[in-house]
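Each chain gets a letter, A, B and so on, in the order its sequence line appears, and its residues count up from 1. The figures here come from the full heavy-atom set of this structure, side chains too, leaving out hydrogens, waters and symmetry mates.
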There are 4 protein chains.
Amino acid sequence: MSGSDVTGIAGDQLRTIIERIETIDEEIKALNEAKKEIFLEAKGNGFDVKILREVLRIRKQDQKERDERETLLDLYLTAITNAATPGAKKKAA
Amino acid sequence: MSGSDVTGIAGDQLRTIIERIETIDEEIKALNEAKKEIFLEAKGNGFDVKILREVLRIRKQDQKERDERETLLDLYLTAITNAATPGAKKKAA
Amino acid sequence: MSGSDVTGIAGDQLRTIIERIETIDEEIKALNEAKKEIFLEAKGNGFDVKILREVLRIRKQDQKERDERETLLDLYLTAITNAATPGAKKKAA
Amino acid sequence: MSGSDVTGIAGDQLRTIIERIETIDEEIKALNEAKKEIFLEAKGNGFDVKILREVLRIRKQDQKERDERETLLDLYLTAITNAATPGAKKKAA
DNA sequence: GCTTGGGGCGTTCGAC
DNA sequence: GTCGAACGCCCCAAGC
């Protein structure tokens, strides 16, 4: 281990990790502030923020559901395929 | 109001708001995934993720306290300045 | 305060609360074991447990989504009503 | 396979499984709501809910440890019994 | 201040 | 048996 390190902990590596995370957190914070601004602006234009949030939430869930249905479909297809070729060994897959 | 809008809701404006927010949300999501990657990588290098989170939390708290001290200092400085010039009115601020 | 209580804490009441919660927790645990049994039985009958879980999950989410759409509808109706009668005061509601 | 089933999946059986699970889930949900009620009521009576949860957690842990000691004790007893009758074969257990 | 939404954590289940 | 992934629970913070 290098330098004045007496702890057995890779200080440089640790420091890099912490800083990278903190940089990302700052970027996220900035984006959240931008969102806040948009909501404020929308409110100023007469929109109901509560409803805007609800709309966003539901649209997000719709997307999620669509994704999940797709994975379910995949599961079914896999199940059917396996059922159709019961003799097939795992390694053959 | 423009176009086929019969609801009293400014559809175009609404759509723009929703899209701007959703774009920001996607960016946030990407950043969170990047964070996840970093934690995973750190874990792979033998770091304890839980401890890393603890470190980040403490550093954030420290930063917060430093900010608060600064705000308080500003407050004091402002109070002193105002006391020194009692003729100055609040509205002028 | 009654009896040998010297702590200022209502021991009897506390004891009752704890016991009621623990009874409920036991019932929940029993139900979870029953679920496990059913899955095992299903597996024994040739069903793919993974898919069963996925189906259950999606059905649950469908229900959730339906509920949420209803609340969204309520929100819209409220918003429209408020917009239509802007002079109405809160207390009148 | 019965009825209009052309998929190779035992539809009736599947339906029964799903419904049994969903019934159990509803019961669990109801019990969790009952718990919530109790916590709310306790809060209304001046109890600190967070502390109550802590108490419950500790008691559960204690119970767990007691169970483990008992299991360990059984293990010892079994070992002693087997040692005392070395002719007895494992399969006979 | 109360309530609702988001994030973190521990647990459980399935895959390898 | 170990691994990672998914789920529910709990706490905290922001919004009303």
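In the hydrophobic clustering of this structure, Leu40(D) does not group with Ile24(C); members are Ile, Leu, Val, Met, Phe, Trp, Tyr whose side-chain heavy atoms approach within less than 4.5 Å, directly or through other members. Placement of Val49(A) and Ile38(A) within a single hydrophobic cluster is found when ILVMFWY residues are connected by side-chain heavy-atom separations under 4.5 Å, directly or transitively.
Between Lys35(B) and Asp25(A), at least one side-chain N (NZ, or NE/NH1/NH2) sits under 4.0 Å from a carboxylate O, which counts as a salt bridge. Residues Lys36(A) and Glu33(A) are not paired through a salt bridge, judged by the lack of any N-O separation under 4.0 Å between the basic side chain and the carboxylate. Between Asp62(C) and Arg69(A) there is a salt bridge, with a side-chain nitrogen of the basic residue lying less than 4.0 Å from a carboxylate oxygen of the acidic one.
With a cutoff of under 4.0 Å to any heavy atom of chain B, the contacted region of DNA chain E is bounded 5' to 3' by dG8(E) to dG10(E).
A 4.5 Å side-chain heavy-atom check between Arg53(C) and Lys50(C) finds every atom pair outside the cut-off.
To the nearest 0.5 angstrom, Glu22(B) atom CD is 5.5 Å from Leu56(A) atom CG.
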What string of B, S and - do you get for nucleotides 4-16 of chain F 5' to 3' if you count protein non-hydrogen atoms under 4.0 Å?
---SSSSSS----
